[in-house]
Enquirer: 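The following block contains the structure, expressed as C-alpha cells.
All ligand and atom numbering here is 1-based and tracks the order in the structure. Every heavy atom of this structure was used, including side-chain atoms; hydrogens, water molecules and symmetry mates were not.
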Amino acid sequence: MKAAGEKIAMLTSYDFTLARLVDEAGIDMILVGDSASNVVCGNLYTLPITVDEMIFLAKGVVRAAEHALVVCDMPFGSYQVSEEEAVRNAIRILKESGCDAVKLEGGEEILPAIRHMVQSGVPVMGHLGLTPQSVNQFGGYGLRAKEEAEAEKLLHDAKLLDAAGCFCITLEKIPAALAEKVTKAVSCPVIGIGAGNACDGQVLVLHDMLGLNQGFKPKFLRHFANLGEEVKNAVSTYVTAVKDSSFPNQEESY
Ligand code: KIV
C-alpha cells in the first residue's frame, strides 16, 4: 500500500463487538493497544496492563477480524528486561491471542529484542515519538522531538527499526515535518497519530474518535461521532422507561 500510495487506516479495538463493526467498516489494521489500560480499565497510564490482560482482549478482537490485520501491543515490562523474555512474551501473545503481529515502543535501546523477535518469525511494529510507556521519564504527554537532537535521534531510530525488519512504524505526537522526513526515509509504512498528514497511514484510539469521552480532545484528535452523548441519552431514556413502567410493553413481553 505504501508503494501504491494508498493510505492505511488503522484504529484500536479491545473487544469482539466493536472490533467486528470496525472490521466490517473496512479498516486495514486493528491495534489492540495498551491504551486499553486507560479506556477499558480506567487507569491513568498504560503501565499497569499485563500480558495476560492484553491476550484476553486480543482474543476477542481476533475472533471478530475477518479482513483487518490485528496487531497487539506488548505491555510495559514485557520486553524491556531481556531479549529472551521479549521473544518469549511476543510468541505467547501471537500463540495465545492469534493476532498477526506485536507492537512495542522504543528505538535503539530495544533493537536487540526487535532483531531477536524478527529472526524468530514475529512480525514487529515499532513505535517512536511519544511513547506512553515512558511517561514517567518524559514527565507528561507533550509533543516530542521538537528539538533538533531528539528529532535526529528519532530519524536514526526509525532507520534502525526499518533495517531490523519492522514491518511498520507508528509515530506519535511529533511535528508533521519530521514525520514526513521519516516516512520518506524508511521503506516500511509509517502510521501517524498526531504526526500530520504525510504518513503512510493514520491510527486513532477508537473510543476517542467515537467521542465516547468528550473530555479528551487533544489537537490531533477528530471526533468522528458523538457516541458519548448518544449512550447517555439512550441510558437515561431506558431508566425513565423502566421507572415509569413503559418498558417492557406488550409487544416486548411473552
Ligand atoms: O495503545 C495505543 O492505543 C497506541 C496508539 C495510540 C498508537 O499505541
Side-chain angles (χ1 to χ4, degrees), residues 7-15 18-19 22 27-51 53-58 60-61 65 68-80 90 93 97 99-107 110 114 123-135 138 140-145 154 158 161 166-174 179 182-183 188-196 199-210 212-213 216-224:
K7 293 271 188 174
I8 300 165
M10 185 178 198
L11 281 172
T12 67
S13 295
Y14 317 97
D15 71 292
L18 283 177
V22 166
I27 205 77
D28 298 308
M29 291 203 279
I30 297 177
L31 172 66
V32 186
D34 60 356
S35 49
S37 179
N38 309 104
V39 298
V40 176
C41 308
N43 294 313
L44 203 52
Y45 303 120
T46 58
L47 303 172
I49 203 158
T50 65
V51 171
E53 287 165 338
M54 291 304 298
I55 290 173
F56 171 80
L57 297 172
V61 172
L69 186 130
V70 179
V71 182
C72 182
D73 260 336
M74 295 193 67
F76 180 63
S78 67
Y79 57 93
Q80 292 90 345
I93 290 171
S97 75
C99 71
D100 302 300
V102 296
K103 174 165 84 57
L104 55 166
E105 300 179 4
I110 55 155
I114 291 180
V124 177
M125 183 169 189
H127 184 154
L128 298 170
L130 174 61
T131 47
Q133 291 177 13
S134 306
V135 63
F138 294 155
Y141 291 111
L143 183 71
R144 302 305 311 174
L154 191 147
L161 296 187
C166 284
F167 76 93
C168 202
I169 297 171
T170 298
L171 295 181
E172 181 164 355
K173 216 166 178 189
I174 62 167
V182 173
T183 304
C188 70
V190 171
I191 310 294
I193 171 164
C199 298
D200 300 304
Q202 297 293 327
V203 60
L204 285 176
V205 169
L206 184 67
H207 293 51
D208 297 343
M209 61 83 77
L210 291 178
L212 282 165
N213 173 14
F216 183 65
K217 183 69 183 75
K219 181 179 171 177
F220 68 79
L221 174 64
R222 188 185 297 180
H223 287 152
F224 286 83

Enquirer: Applying a heavy-atom cut-off of 4.0 Å, say which part of T12 lies close to ligand 1: side chain, backbone, both or neither.
Expert: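 The answer is the side chain.
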
Enquirer: For F216 together with H207, are the ring centres under 6.0 Å from each other?
Expert: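 Between F216 and H207, which both carry aromatic rings, the centre distance is not below 6.0 Å.
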
Enquirer: Which of the atoms in ligand 1, numbered in the order shown and given with their element, are less than 4.0 Å from a heavy-atom of I193?
Expert: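 Every atom of ligand 1 under 4.0 Å from some heavy atom of I193: 6 (C).
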
Enquirer: Take atom CZ in F220; do more than 12 heavy atoms of anything else shown fall under 6.0 Å from it?
Expert: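 Check passes, neighbour count above 12.
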
Enquirer: Is K7 reaching over with its side chain to a backbone N or O of C199, donor-acceptor style, under 3.5 angstrom?
Expert: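 Answer holds: yes.
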
Enquirer: So if I count the atoms of ligand 1 from 1 in the order they appear, which ones are less than 4.0 Å from some heavy atom of D34?
Expert: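 Those of ligand 1 that fall under 4.0 Å from D34 are 1 (O).
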
Enquirer: I need the nearest protein heavy-atom contact for atom 7 (C) of ligand 1: residue, atom name and distance, please.
Expert: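 That would be L31 CD2, 3.8 Å.
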
Enquirer: Identify, by atom number and element, the atoms of ligand 1 in contact range of H127, meaning under 4.0 Å from any of its heavy atoms.
Expert: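 Counting atoms of ligand 1 from 1, those under 4.0 Å from H127 are 8 (O).
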
Enquirer: Shortest non-hydrogen contact from F167 to A101?
Expert: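 The pair with the smallest heavy-atom distance is CE2-CB, 3.5 Å.
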
Enquirer: Suppose I only count heavy atoms of D73 and a 4.0 Å limit; which atoms of ligand 1 are within that range?
Expert: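 In order of numbering, the contacting atoms are 1 (O), 2 (C), 8 (O).
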
Enquirer: Please report the shortest heavy-atom distance between P75 and V51, naming the atom on each side.
Expert: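 So the two residues come closest at CG-N, 3.6 Å.
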
Enquirer: Taking only heavy atoms of V205 into account, list the atoms of ligand 1 that are under 4.0 Å away from them.
Expert: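 Here the atoms of ligand 1 in question are 3 (O).
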
Enquirer: Taking N or O atoms only and a 3.5 Å limit, does T170 qualify as a polar contact for ligand 1?
Expert: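 Not met; the criterion fails.
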
Enquirer: Please identify which atoms of ligand 1 are closer than 4.0 Å to at least one heavy atom of G33.
Expert: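 Ligand 1 atoms under the 4.0 Å threshold to G33: 1 (O), 2 (C), 3 (O).
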
Enquirer: Taking all non-hydrogen atoms of both residues into account, name the closest pair between Q133 and L47 and its distance.
Expert: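 Minimum heavy-atom separation between Q133 and L47: O-CD2, 3.1 Å.
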
Enquirer: Looking at Y141, is its backbone amide N or carbonyl O close enough to the side chain of K173 to form a donor-acceptor pair, meaning the two atoms are under 3.5 Å apart?
Expert: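 Yes, the answer is positive, given that a donor and an acceptor are paired below the 3.5 Å cut-off.
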
Enquirer: So which protein heavy atom does atom 2 (C) of ligand 1 come closest to, and at what separation?
Expert: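 In this structure, atom 2 (C) of ligand 1 has S35 OG, 3.2 Å as its nearest protein heavy atom.
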
Enquirer: Where does T46 meet ligand 1, judged by heavy-atom distances below 4.0 Å: at the side chain, the backbone, both, or neither?
Expert: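 No part of T46 comes within reach of ligand 1.
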
Enquirer: Looking only at non-hydrogen atoms, find the nearest pair between C168 and M29 and report the distance.
Expert: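 The pair with the smallest heavy-atom distance is SG-CE, 4.0 Å.
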
Enquirer: To which protein heavy atom is atom 8 (O) of ligand 1 closest, and what is the distance rounded to 0.1 Å?
Expert: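 Sorting protein heavy atoms by distance from atom 8 (O) of ligand 1 puts K103 NZ, 2.8 Å first.
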
Enquirer: Regarding ligand 1, does Y14 bring an N or O atom to under 3.5 Å of one of the ligand's N or O atoms?
Expert: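 No.
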
Enquirer: Identify the two heavy atoms, one from A68 and one from D100, that lie closest to each other, and give their separation to 0.1 Å.
Expert: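 Taking A68 first and D100 second, the nearest heavy atoms are O-OD2, 4.1 Å.
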
